[in-house]
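A short worksheet on the structure shown next.
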Amino acid sequence: MEVSELLKKVRALEIKSRRLTNHLFTGEYHTAFRGQGMAFKEVREYQPGDDVRFIDWNVSARMDHTYSKIFEEERELSVYLLIDVSASSLFGTYKQSKKDLITEMAAVLAFSAISNNDKAGVIFFSDKVEKYIPAKKGKEHVLYMLREMITFQPRSLQTDISKALAYLNRVTKHKSIVFILSDFADAGYQQTLKVAAKRHDIIGIQVYDKRDIDLPKMGLLQLQDAETGRSILLNTNDVLMRAEYNRQFNKIQEDARQVFRLAGADLVQLATGDDYVKALQQFFIKRA
């Protein structure tokens, strides 16, 4: 990708993401993800309605007047985006690919984080951790992340969510907000997710394409699995074959719902072309 084209894409994504963040998500994000606790800020004269447990008796005795301690939320959090860059994310038949949808949502979440003075970082993963960008504050850092989201080329085509979660647990010492953006066409990550969810606030965002649900009736089609490279000849007019295709999709969706529920983590499921703005808003409000 040429530098000029890349800059245009990054700029367009920045404008859209910042607009959504400023007008839609700032309040919802802040209340959905609270800080690590309360920290002492100052004392002021006692006012009716103040909690008597927070009266500062030492200051009150010195000043010969009643004073209360004032606390504020320790707001600073680290937000990590675990982004699936395996080959299946390139698929898309309705308005955008899964990768496009993931990139847009990741940009919005990153700008939401820094607008609330939180840190943002990213882990790109396939069946290995492809790239790690530690969480930092600031617009320039997020713009760097956006450039990587747009241009990053993975070395592997396959998916292993467990390895990404295990890596996250090794590099993060404190509780973080973690968004996993993937189609979750993977298995065997239940235990790792459960362990990670005990330390972090984890939200899965499962993306899928409408053609992942149903195949069109187009006669014989030779399809290739993007991750394994295996080809298969399918008769898309065959009722039983179409039913099996749909069953496999439903199993992936239900498996993800069950795994996240048992781990005590949240899951949002979105199709390419869906209104992800509305979906994220509803999710933030629900958590508030």
Side-chain angles (χ1 to χ4, degrees), residues 25 28-37 75-86 88-89 98 101-110 112-113 116 118-127 129 132 135 159-208 212 249-271 274 276-288:
F25 293 137
E28 286 91 339
Y29 170 92
H30 184 92
T31 53
F33 304 108
R34 302 187 184 280
Q36 300 300 299
R75 176 62 229 176
E76 183 176 298
L77 297 168
S78 292
V79 177
Y80 277 98
L81 307 171
L82 272 58
I83 298 180
D84 183 352
V85 292
S86 63
S88 62
S89 69
K98 296 177 193 176
L101 177 57
I102 286 173
T103 300
E104 283 198 23
M105 287 191 291
V108 168
L109 293 169
S112 295
N116 279 274
D118 293 335
K119 299 177 181 178
V122 64
I123 295 174
F124 295 105
F125 72 93
S126 54
D127 61 349
V129 172
Y132 167 55
T159 310
D160 191 327
I161 297 169
S162 288
K163 288 185 179 177
L165 288 168
Y167 184 85
L168 171 77
N169 282 334
R170 288 198 299 272
V171 299
T172 54
K173 297 179 181 179
H174 304 290
K175 180 178 179 179
S176 301
I177 299 167
V178 180
F179 290 92
I180 310 172
L181 299 102
S182 172
D183 58 11
F184 292 97
D186 189 20
Y189 61 92
Q190 298 94 324
Q191 187 58 36
T192 317
L193 178 64
K194 201 169 186 177
V195 171
K198 289 180 179 179
R199 180 186 297 184
H200 304 292
D201 188 352
I202 295 184
I203 304 96
I205 301 182
Q206 185 177 28
V207 298
Y208 61 94
D212 287 332
F249 167 79
N250 288 332
K251 185 177 187 304
I252 291 172
Q253 301 295 100
E254 179 55 35
D255 284 351
R257 285 192 290 268
Q258 184 174 355
V259 167
F260 273 80
R261 183 171 58 250
L262 292 176
D266 290 314
L267 180 68
V268 180
Q269 296 174 309
L270 285 168
D274 275 357
Y276 69 86
V277 175
K278 182 178 180 181
L280 289 178
Q281 265 193 309
Q282 290 175 341
F283 171 71
F284 289 157
I285 292 169
K286 182 180 177 182
R287 283 181 58 108

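- How far CG of Leu81 is from OG1 of Thr103: 10.5 Å, rounded to the nearest 0.5 Å.
- Between Phe125 and Val85 there is no side-chain heavy-atom pair separated by less than 4.5 Å.
- A heavy-atom distance below 4.5 Å is found between the side chains of Val122 and Ile83.
- Contact check on Lys251 versus Glu254 returns no salt bridge, with no Lys/Arg side-chain nitrogen under 4.0 Å from an Asp/Glu carboxylate oxygen.
- The shortest non-hydrogen separation linking Leu165 to Ala196 is CD2-CB, 4.2 Å.
- Closest approach of Ala113 and Val79 over heavy atoms only: CB-CG2, 3.8 Å.
- A heavy-atom distance below 4.5 Å is not found between the side chains of Phe284 and Gln281.
- No side-chain donor-acceptor contact under 3.5 Å links Gln269 to the backbone of Ile205.
- Among all heavy-atom pairs drawn from Lys194 and Ala263, the shortest one is CA-CB, 3.9 Å.
- Under a 3.5 Å cut-off, the side chain of Asp84 and the backbone N or O of Ser182 do not form any donor-acceptor pair.
- Note that NZ of Lys163 and CG of Asp186 are 10.5 Å apart. Values are rounded to the nearest 0.5 Å.
- One side chain, His200 or Thr172, offers a donor N or O that lies under 3.5 Å from an acceptor on the other.
- The shortest distance between side-chain heavy atoms of Leu168 and Ile123 falls below 4.5 Å.
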Would you please test Leu193 and Ile180 for side chain to side chain contact (heavy atoms under 4.5 Å, CB included) and show each step?
CA-CA 10 Å; Leu193 178 64; Ile180 310 172; 4.2 Å; yes
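- Of all heavy-atom pairs between Leu181 and Ala106, the closest is CD2-N, 4.3 Å.
- Atom CD of residue Gln191 and atom CG of residue Leu262 lie 11.0 Å apart, to the nearest 0.5 angstrom.
- Side-chain contact, Arg257 with Gln206: no donor N or O sits under 3.5 Å from an acceptor N or O.
- For the ring pair (Phe, Tyr, Trp, His ring centres under 6.0 Å) criterion with Phe184, the lone passing option out of Phe260, Tyr208, Phe249 is Phe260.
- With Arg199 contributing its side chain and Asn169 its backbone, the two residues share a donor-acceptor pair below 3.5 Å.
- The nearest pair of heavy atoms linking Ile202 to Ala265 is O-CB, 3.5 Å.
- Counting heavy atoms from C-beta on, the side chains of Tyr80 and Phe179 never come closer than 4.5 Å.
- The backbone N or O of Gly188 lies less than 3.5 Å from a partner atom in the side chain of Gln190, making a donor-acceptor pair.
- A side-chain donor-acceptor contact under 3.5 Å links Asp160 to the backbone of Ser162.
- Contact of the Ile161 side chain with the Thr192 side chain is not registered, since no non-hydrogen atoms from C-beta on lie closer than 4.5 Å.
- To the nearest 0.5 Å, atom CD1 of residue Ile203 and atom CG of residue Leu267 are 10.5 Å apart.
- Of all the heavy atoms in Ser86 and Thr159, the pair that sits closest is OG-OG1, 2.9 Å.
- Side-chain atoms of Ser176 and Ser78 form no donor-acceptor pair, as typed in the model, at a separation below 3.5 Å.
- The distance from the CG atom of Asp118 to the CG atom of Leu109 is 12.0 Å, given to the nearest 0.5 Å.
- In this structure, a donor-acceptor pair under 3.5 Å is present between the side chains of Glu104 and Tyr276.
- Asn116 contributes atom CG, which lies 9.0 Å from atom CG of Leu77 (distance to the nearest 0.5 angstrom).
- A donor-acceptor pair under 3.5 Å is absent between the side-chain atoms of Asp255 and the main chain of Ile252, judged by distance alone.
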